[in-house]
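In what follows, every chain begins at residue 1, and chains take the letters A, B, ... in the order their sequences are listed. As a basis for the values below, the full set of heavy atoms in this structure was taken, side chains included, without hydrogen atoms, waters or symmetry mates.
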Amino acid sequence: MIAHFDVDAFYASVAQRDDPSLRGKPLAIAGSSRRAVVLTASYEARPFGVRSALPLFRARELCPQLVVRPPDFARYHETSRQIFAIFAREARAVEGLSMDEAFVDAGTDDFEAAVRYAQDVRAAVRSEVGLTVSAGVATQKMVAKIASDSAKPDGLASVVPGTEAAYLAGLSVSRLWGVGPKTQARLSARGISTIGEVAALDDDAVFRLFGRWGIGLRDLARGHDTRHVESERETQSVSSEETFEEDIQNIEGLCSPLRELCADVSRRLVAHRLRGRTIGVKVKRADFTVAGRQQQVAEATDDAEAIYAAALACLHRVELGGLAVRLLGVRVAGLAEDAPRQMSLLP
Amino acid sequence: MHMCRSEGKRRYGGAARPSPQFAPPYYRYDDIYVFYDDETTDSERWRIDRAVKFTCNTKDIANAVGAASKVVNAHTTVPILSNVLLTAQDGTIRIRATDLEITLEQGFSAEVTEAGSITVPAKLFSDYLGNLPPGIMELSGTPARASVKFERSNYDFHALPPDEYPPLPSAQRGATFSLDAKRFREGVGSVVFAASNEEARGAVLMGTLLEIANDSITMVATDGYRLAKWDTKLSRGIEGAATKYIVPSRALSEVARNLGSSDVVEVSALGPAQNQLSFTAGPTSIIARLVDGQYPNYAQVIPAQFDRSVTVNTGTLIGGLRRASLVAGDRANMVKLAVANQQLIITASSDVAGNAYEELEVQQTGDDLTIAFNAKYLAEILNHIDSPQAVLEFLGPLSPAAIRPLEALDGTTQLYVLMPLRQ
């Protein structure tokens, strides 16, 4: 059995836990720049329409009495470690999705036992860490996650084995894994709005709507999700990005932030003893279109200068189309841990 | 179209066309008939008049345009640089293409009726010519259009005015030398692969160093991890002090590819600053812009002496390395070479793929040694060794190793240096 745990309004809850004066108030955690967006909104702020990713100025318009606090990532990391330690106590495997969210293989095939495990975890997090966690328990990942979403805040929902398809049937297709706004619009044009309607499609219809990829999607809709909880997901890439206070007009202006991003990526690679061969940049233009370029270097690297040189070459290949740049990101992938190092001939 | 802007000219179209006899005072210009008048300047008249017409063998033109189009940068944003320039004069057609770093020009004989120039899209024209059967074709053109007649077919290609085409560098010549074409091909084949192909690591390491003394030439390429060096006697060297050039490696590859049946490559430095090098072999000339920079002091990184060596069958070692690297996984293609008791043992392993073990008979001199290499680099070097037996020389597990053929070709030396992997 699989449990999905998700801390309720994580950043905001940590702030309210640490500062009692914030409790019961509409609270947003956000940066201080002119372009800051809400990272987390407390449950008190949500009735006003304040939610994650909303620009802060919009949030203040919607909720004038909104209290805003800056994020404290060191504190979140520390809290996250405590919570994950609790998840792992009885579990067979823990697959962290973010600092405050994880799939856990409960280590039992017994439904009742798994529900008891999830309740124990919720109680332990509440008493030992002082935060509330919502949980979903099911035989499979997607159903467990949908269940925990529906249980928020501070709840537990479970789906009895064998009833997955029935549980999913009435839900909106947007809850299906991999269905975003575009796919949802395409489906709704065909009169499909619930997961049950996707489950009822035959192979022909699935191919026409989604291509080959659609069979897996329909399997999910029918309640067939065979993915395991994978503990210790390998790091695929290390990246760093920055949204600028003001758009940057030209490549020259991007060089210095690019250098800082590369230095940041380099520090993290070194800390994890990783080196990578694929170096790429991501650019969000003033019109919010996103472009990226990447390249392979001959020798895997963790060196800030080498990453910068390759990233700059990639940046030169990005077509900006005369537009200013809003966001710049650097990513190193193709990682190997503690790989042997090619020695250099030249000083 | 520049002609239409002038007030002094009238245009005819459709039914009112004069008969297409092209006799003065009007001339066909891209389906527009332009009248000369008193205000027409000489240079305008020259432009209008500058047509071209010739008859040639399809194979000749297909070869020349094919060679030139390989130089064209497919991603250029300057339209004229996607084109090849055709110039017809004195019974010869010269085809030229450039990406501003490398310029290639190839000539062939033809029957020129009207001398002149035209530029046509390189890829399109080359693909078209490549699909023509052997035979005789006729090309006639104006600055804006090239028309090809071949047997019962007729094609028009959009052209761009030839006077916008980048000019050749100044013909002012500096040092010149020449080299046996076969030797040149060997040299380029021996070293160019070792140059870097990452722009991010700079233009110098992407280049190949040519060192010319009065009787010898040395070619060196390195990407900072391996180094290739080749030298030979020159059929005609330069006078005076030794000269060094850093040539874009791909320019050398282009020259080697276009040697055809020529016996000799003539090389000259060009331009007032001598910052271009031209290579001429038979009907083909390639002009390369030299890399402006300081080449690493390669002599310093080649150890003067080694204290142990193995002599091994080149092909057997390449086979072993390639098989072993299959299980090396993503760990930098690492293979370990252990030398002991006149044997070379290759091992490799990774969590994902498994283990490899290969035993080779070798002739060992000096102490035993275990050293790790990127198998890809070592195999690539061995692949360029022109000898059934290769010699590998070592100083220690963290020092550069040398790889060379046991028997060198007459008058030529080939040497490779490879840095090991540090675990």
Side-chain angles (χ1 to χ4, degrees), chain A residues 232 234-237 251 255 258-259 262 265-266 269 273-281 293-322 330-347, chain B residues 75 77 194-202 204-206 220-229 294-298 300-303 328-336 348 350-352 371-378 380 396-402 416-423:
Chain A
E232 256 194 78
E234 262 186 54
T235 311
Q236 308 281 330
S237 68
I251 295 257
C255 288
L258 185 69
R259 203 176 270 284
C262 291
V265 169
S266 161
L269 287 169
R273 296 195 316 234
L274 293 168
R275 277 177 290 136
R277 278 194 64 192
T278 307
I279 294 166
V281 297
R293 284 283 181 281
Q294 63 176 45
Q295 74 171 73
Q296 289 234 324
V297 293
E299 291 300 330
T301 185
D302 57 6
D303 176 64
E305 273 305 306
I307 297 169
Y308 175 72
L312 188 63
C314 292
L315 186 59
H316 279 291
R317 301 207 320 270
V318 175
E319 299 209 354
L320 294 177
V330 173
R331 173 173 175 270
V332 175
L335 302 176
E337 194 179 337
D338 272 336
R341 206 179 273 267
Q342 172 67 49
M343 294 173 67
S344 177
L345 259 178
L346 306 174
Chain B
H75 307 291
T77 51
S196 156
N197 51 21
E198 284 169 39
E199 282 174 22
R201 303 195 66 216
V204 168
L205 292 186
M206 291 180 82
V220 178
T222 179
D223 63 359
Y225 309 115
R226 66 234 166 119
L227 179 144
K229 175 173 170 279
Q294 188 70 39
Y295 203 79
N297 183 354
Y298 69 87
Q300 216 168 45
V301 303
I302 303 176
D330 59 0
R331 307 196 53 81
N333 284 311
M334 183 173 73
V335 293
K336 284 185 197 164
S350 66
D351 296 343
V352 252
I371 189 168
F373 288 113
N374 179 334
K376 198 186 104 212
Y377 287 159
L378 185 53
E380 200 175 12
L398 297 178
S399 301
Y416 298 96
V417 179
L418 175 62
M419 288 304 284
L421 289 170
R422 186 201 292 274
Q423 296 167 57

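- Paired with A:Leu345 under the rule side chain to side chain contact (heavy atoms under 4.5 Å, CB included), one option of B:Leu418, B:Val301, B:Asp223 passes, and it is B:Val301.
- Contact between A:Pro340 and B:Met334 at its shortest, heavy atoms only, is CG-SD, 3.5 Å.
- If you measure heavy-atom distances from B:Glu199 to chain A, you find no contacts under 4.5 Å at all.
- Interface remark: B:Phe373 contributes no atoms to any contact with chain A (heavy atom separation under 4.5 Å).
- Residues from residues 309-316 of chain A that place a non-hydrogen atom less than 4.5 Å from a non-hydrogen atom of chain B comprise A:Ala309, A:Ala310, A:Ala313, given in numerical order.
- With a 4.5 angstrom heavy-atom cutoff, B:Pro420 touches chain A via backbone and side-chain atoms both.
- What you find for A:Gln295 and B:Glu198 is that their closest heavy atoms are NE2-CG, 4.4 Å.
- Distance check, rounded to the nearest 0.5 Å: CG of A:Leu346 to CZ of B:Arg201 gives 7.5 Å.
- To the nearest 0.5 Å, atoms CD (A:Gln296) and CG (B:Asn197) are separated by 11.0 Å.
- Other residues, nucleotides and ligands contribute more than 12 heavy atoms inside 6.0 Å of the CG atom of B:Asn297.
- Separating the CG atom in B:Leu421 from the CD atom in A:Glu299 is a distance of 7.0 Å, to the nearest 0.5 Å.
- Minimum interatomic distance between B:Tyr225 and A:Gln342 (heavy atoms only, all atoms of both residues): CD2-CG, 3.4 Å.
- Using a 4.5 Å cut-off between heavy atoms, B:Ser196 makes no contact with chain A at all.
- Contacts of A:Ala298 with chain B are made by both backbone and side-chain atoms, with heavy-atom separations under 4.5 Å.
- If you measure heavy-atom distances from B:Arg226 to chain A, the contacts under 4.5 Å come from the backbone alone.
- Of all the listed residues (B:Gly202, B:Gly224, B:Ala332), the one sharing the greatest number of non-hydrogen pairs under 4.5 Å with chain A is B:Gly224.
- Residue A:Arg317 qualifies as enclosed at atom CZ: its count of foreign heavy atoms under 6.0 Å is above 12.
- The contact between B:Leu398 and chain A is made by backbone and side chain atoms together, counting heavy-atom distances below 4.5 Å.
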